[in-house]
Amino acid sequence: MSDDGSTTFGRPWADLPRELADHMRPHLDEVADDMIQEIQTKVREYDRPGDGSYSGTLRQAVERVLHYFVDRVADPGHEPASVTDFFRAIGRGEAGEGRSLDAMQSAMRVGGMVAWRRITEGAEAQQVSPRTLGAVGEALMQFQDELAKAAAEGFSQAKAAVAGEMQRRRKRLLDLLFADPPAAQEAIADLAAAAHWPLPRTVAAVALGRPGTDARQPAFPPDVLADLTRRTPSLIIPDPDGPGRAKLVDRALSGSLAVVGPTVPLMEAARSIQWARKTLCLVQRGVIEAQDGVIRSVEHMSTLILFQDEGLITSLADLRLAPLSHLRASQQDRLAETLLAWLQSGRNANEVAMRLHVHPQTVRYRLRQLEELFGDQLLDPDLRFDLEIVLRARALLADNAGERIIPQAREAVGDSAEVVTFRRT
């Protein structure tokens with residue numbers, strides 16, 4: 001025993017008389033028959049009368065264990081690699097067949113009891129001392145622990161390999177679903193079957209912002225396809241509009257910067273991730289406000305349309321806002337802000353004043369300036385529509401740059417409604 005009371009490796013084998021092995025060897029076949037019969041009787045999973053290969057494997061395992069045990073009694077330094085490797089292989093096989101180790105562990109306990117019963121019977125006949133018999137029992141328990149540990153290692157290795165392969169298949173499936181042009185439906189169905197992923201009717205893609213180094217790893221439901229190694233970490237959520245699904249997704253993504261794309265048919269998943277990525281980009285730029293919870297693209301469609309082609313918006317702004325181009329930047333901001341408020345408020349001066357937190361007289365003064373600058377353009381509904389588009393985009397970008405023109409405090413203004421129209425000259 002070591003100082004702490006534990007058994008040092010190699011003991012109790014070193015305490016066993018070497019001649020015990022010679023007494024055990026002639027009885028190994030008989031003991032093996034007893035073990036196999038007892039295991040098949042008490043462990044249902046091992047009772048397979050019609051499966052000759054399985055019975056053969058069981059006999060091979062029992063005989064190998066018995067011969068190794070006796071060899072180790074004869075030589076405590078006997079190399080255990082062969083038998084432990086054998087049990088690692090058994091553990092891998094159980095995992096590969098989708099079984100647990102419960103049946104194997106039960107069989108080992110039954111086999112151990114048979115072995116101990118036969119050892120005690122032989123010890124009585126050979127008049128083995130209690131001290132030696134105790135050492136044999138201790139060696140038997142230690143041996144069982146070694147084999148159980150080897151089987152568990154093999155089982156864990158196989159499960160990890162299966163999980164890794166399944167994860168690779170699911171990442172490949174996500175790649176196929178995001179492909180543009182889309183992959184063949186047959187290829188997606190085959191890979192989904194191999195990845196054990198039931199094909200849903202609809203999906204929604206999720207684009208994730210890069211987490212910080214100390215961020216926790218999100219835990220996703222098992223039916224969610226995930227690839228967090230992509231440049232934009234991405235998910236596919238099956239049947240996102242099903243009962244309770246939205247809350248489930250929100251809980252899984254809490255604490256993450258996550259944008260859920262629109263719900264689409266399965267074969268249009270690429271469209272959902274495209275909109276999710278565009279939304280995420282606008283969130284990261286500050287054009288769309290980052291919320292505490294999950295952000296959904298469908299709630300920001302008008303902004304997404306505005307920024308679908310920023311070059312086109314810029315060109316339209318250069319054309320429609322040309323009358324402001326000669327003014328100072330501060331003047332441009334004030335007049336652009338006033339014009340947008342006027343377009344959005346039904347040409348009500350008091351409403352514009354409330355939006356901008358300025359006096360109605362100030363609004364009327366600015367509107368006269370706008371009439372002089374834009375002339376009849378403000379009378380054309382199509383041009384007013386163009387102006388509202390470019391002014392909305394301009395306002396969103398101004399907010400993004402931190403150039404907030406609108407103060408937070410409100411001033412009291414008159415309640416009377418005053419519609420301001422531009423006259424023809």
Side-chain angles (χ1 to χ4, degrees), residues 91-100 154-213 215-280 294-297:
R92 288 193 293 270
E94 294 296 286
E97 294 293 328
R99 295 188 291 265
S100 72
F155 186 85
S156 298
Q157 291 166 358
K159 293 292 281 186
V162 169
E165 177 59 27
M166 196 64 63
Q167 184 61 27
R168 284 189 290 273
R169 291 175 184 173
R170 287 185 163 222
K171 287 184 177 180
R172 176 59 182 152
L173 178 58
L174 186 141
D175 288 340
L176 287 185
L177 289 169
F178 284 168
D180 188 15
Q185 192 165 356
E186 295 79 6
I188 289 175
D190 290 345
L191 188 53
H196 298 173
W197 193 68
L199 290 176
R201 186 178 61 84
T202 60
V203 295
V206 179
L208 299 172
R210 282 285 177 188
T213 55
R216 66 174 180 85
Q217 181 80 7
F220 305 118
D223 61 347
V224 171
L225 298 181
D227 187 355
L228 304 184
T229 64
R230 300 170 71 91
R231 185 174 63 179
T232 301
S234 305
L235 314 173
I236 289 181
I237 300 172
D239 298 320
D241 299 330
R245 294 290 285 176
K247 290 183 178 179
L248 185 67
V249 170
D250 287 354
R251 282 197 302 269
L253 297 175
S254 62
S256 304
L257 175 56
V259 176
V260 180
T263 299
V264 295
L266 174 65
M267 298 305 295
E268 297 179 23
R271 180 164 62 89
S272 184
I273 192 60
Q274 287 168 5
W275 284 110
R277 288 173 184 155
K278 290 178 187 295
T279 307
L280 177 63
V294 173
I295 300 165
R296 289 177 164 77
S297 293

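Side chains included, hydrogens not; waters and symmetry mates left out as well; all remaining heavy atoms used. Nothing fancy with the numbering, it's 1 onward along the sequence.
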What is the distance from atom [atom1] of [X] to atom [atom2] of [Y], rounded to the nearest 0.5 Å?
X: L228; Y: K171; atom1: CG; atom2: NZ; result: 7.5 Å
X: L235; Y: S256; atom1: CG; atom2: OG; result: 9.0 Å
X: I236; Y: D227; atom1: CD1; atom2: CG; result: 10.0 Å

Donor-acceptor pairs are to be reported for all side-chain atoms of residues 257-274 against protein atoms at under 3.5 Å, with residues two or more places apart or in another chain.
from : atom 1 : to   : atom 2 : distance (Å)
T263 : OG1    : D241 : OD1    : 3.3
T263 : OG1    : D241 : OD2    : 3.1
E268 : OE1    : R271 : NE     : 3.3
E268 : OE1    : R271 : NH2    : 2.6
S272 : OG     : A205 : N      : 2.9
S272 : OG     : P262 : O      : 2.8
Q274 : NE2    : D180 : OD2    : 3.2

Minimum heavy-atom distance [X]-[Y], with the two atoms named:
X: R169; Y: A195; result: CB-CB, 4.0 Å
X: A179; Y: A183; result: CB-N, 4.3 Å
X: A192; Y: L199; result: CB-CD2, 3.6 Å
X: R231; Y: P233; result: O-CD, 3.6 Å

Go through the steps to decide whether L253 and L208 satisfy the test side chain to side chain contact (heavy atoms under 4.5 Å, CB included), and finish with yes or no.
CA-CA 9 Å; L253 297 175; L208 299 172; 3.9 Å; yes
Can you find a heavy atom in the side chain of L225 that is under 4.5 Å from one in the side chain of V203?
no
V249 versus V224: any side-chain heavy-atom pair under 4.5 Å?
no
[X]: partners by side chain to side chain donor-acceptor pair (under 3.5 Å), with sequence neighbours left out:
X: T279; result: S297
X: D239; result: none
X: R277; result: none

Ion pair check, R296 and D250, cut-off under 4.0 Å:
yes
Keeping to residues at least two apart or across chains, list the side-chain hydrogen bond (donor to acceptor under 3.5 Å, both in side chains) pairs with something in residues 196-209.
none
Considering residues at least two apart in sequence or located in another chain, which fulfil the side-chain contact (heavy atoms from CB on, under 4.5 Å) criterion with R172?
D175, L176, L191
Walk me through whether L248 and I237 qualify under side chain to side chain contact (heavy atoms under 4.5 Å, CB included).
CA-CA 11 Å; L248 185 67; I237 300 172; over 6 Å; no
